[in-house]
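Below: the structure, in structure tokens.
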Amino acid sequence: MTLTNNDSIHLNETTASVDDQTSLSTVVAYLFGSRAAILNLASNRGTIWLSLLLVISAGFAREYDGEDLLHQPAHLFLPLIASLATSMLLFSLIYLLSLRRQAGTGNFLGAYLIFLGLYWMTAPLAWLYAIPFERFMNAADAVSMNLNLLGLVSIWRVLLITRVIAVIFNARLETFFPVMLFADTVALFLTSLVPVPLMATMGGIRLTESESIISNRTMEVVILGMLSYPVWLLGTCVVFSLSTPVWTWMVTDRQSIDRIRRSVWVVATLMILGWIVVLPIT
């Protein structure tokens with residue numbers, strides 16, 4: 001059987017349509033910084049709604065064994081509110097830099113919503129917080145493992161968002177400095193809100209092993225953040241002072257929501273429904 005030219009064109013269009021669809025493998029590839037996956041999700045109008053479901057599921061994973069979510073469901077929306085604030089601040093910083101680099105992103109709000117969908121797509125990394133170390137470790141070891149996991153997820157997210165910004169703006173490693181400046185600023189601000197028992201230590205009051213671990217890790221973050229801050233600040237100033245290389249906004253054609261495969265929606269929904277089922281137990 002011989003294909004005509006029209007048949008070949010139709011076959012190529014069908015194949016391209018299938019390849020452009022967002023699948024579960026696309027989401028996984030995105031978490032590992034795949035350029036194709038990043039552009040796929042950035043060009044899909046349904047990404048922001050899919051990622052919203054993932055953020056809510058991450059809220060369950062973070063709080064299911066620490067808060068009474070059945071009676072106080074508002075705790076689920078704390079990560080959502082925090083992510084809206086941090087994503088807006090970070091994108092504002094990057095947007096100013098993109099104007100300097102003549103990226104041609106168009107209106108701020110439209111570009112931000114695309115970025116927000118990608119920012120929220122890092123939510124599956126927070127599923128790791130659901131590991132109940134407290135159930136099979138002593139208190140001190142559980143605290144240590146949770147802090148190690150927090151560090152791993154934080155570094156992963158920073159590197160991934162740096163990669164995302166570099167891809168959608170067709171930029172280079174210069175995006176690393178403003179992202180790190182922002183991340184360092186947020187880390188120092190948050191640690192300033194943590195009650196480090198400094199007076200207890202100076203007064204010779206003995207802390208529990210868990211409190212001591214948290215105190216030491218907090219001080220390590222503060223010291224490292226303060227020592228590295230001048231590097232990120234200076235690097236960001238240098239990046240802002242340069243107008244080259246020119247950036248290019250890579251998200252031009254937005255695809256319809258039906259480009260996301262049904263299996264992806266099913267998994268995202270089940271990740272929420274599953275938590276609702278187990279909440280009475282936890």
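The model shown is predicted, which means the values in this text are computed figures rather than measured ones.
Of the inter-residue distances, the one linking M121 atom CE with L31 atom CG reads 6.5 Å to the nearest 0.5 angstrom. Taking CG of L128 as the start and CG of L152 as the end, the distance is 7.0 Å to the nearest 0.5 Å. Distance check, rounded to the nearest 0.5 Å: OH of Y229 to CG of L181 gives 4.5 Å. Taking CD1 of I94 as the reference point, atom OG1 of T162 lies at 8.0 Å (rounded to 0.5 Å).
Looking at heavy atoms from C-beta onward, R35 lies in side-chain contact with V167 at the 4.5 angstrom threshold.
Between F91 and F108, the ring planes lie tilted relative to each other; the angle falls in the 30° to 60° range. In this pair, F169 and W247 present their aromatic rings tilted. The plane angle is within the 30 to 60° band.
When only modelled atom types and interatomic distance are considered, R101 and N170 share no side-chain donor-acceptor pair under 3.5 Å. Side-chain atoms of R261 and Q21 form a donor-acceptor pair, as typed in the model, at a separation below 3.5 Å. There is no side-chain donor-acceptor pair under 3.5 Å between W249 and S98. Of the N and O atoms on the side chains of T122 and Y30, not one donor lies less than 3.5 Å from an acceptor on the other residue. Y112 and S87 share a side-chain donor-acceptor pair at under 3.5 Å. Between the side chains of T26 and N40, not a single donor N or O lies within less than 3.5 Å of an accepting N or O.
The two residues L54 and S57 make their nearest non-hydrogen contact at O-OG, 2.7 Å. Of all the heavy atoms in I168 and A42, the pair that sits closest is CG2-CB, 4.3 Å.
Considering V55, L84, T86, V164 as possible partners of Y119, the one that fulfils the side chain to side chain contact (heavy atoms under 4.5 Å, CB included) test is T86. Evaluated for a side chain to side chain contact (heavy atoms under 4.5 Å, CB included) with R163, the options I38, V158, V179 yield exactly one hit, I38.
Aromatic pair F176/W232: ring centres closer than 6.0 Å. Taking the six-membered ring wherever Trp is involved, the centroid distance between the rings of F115 and W120 does not fall below 6.0 Å.
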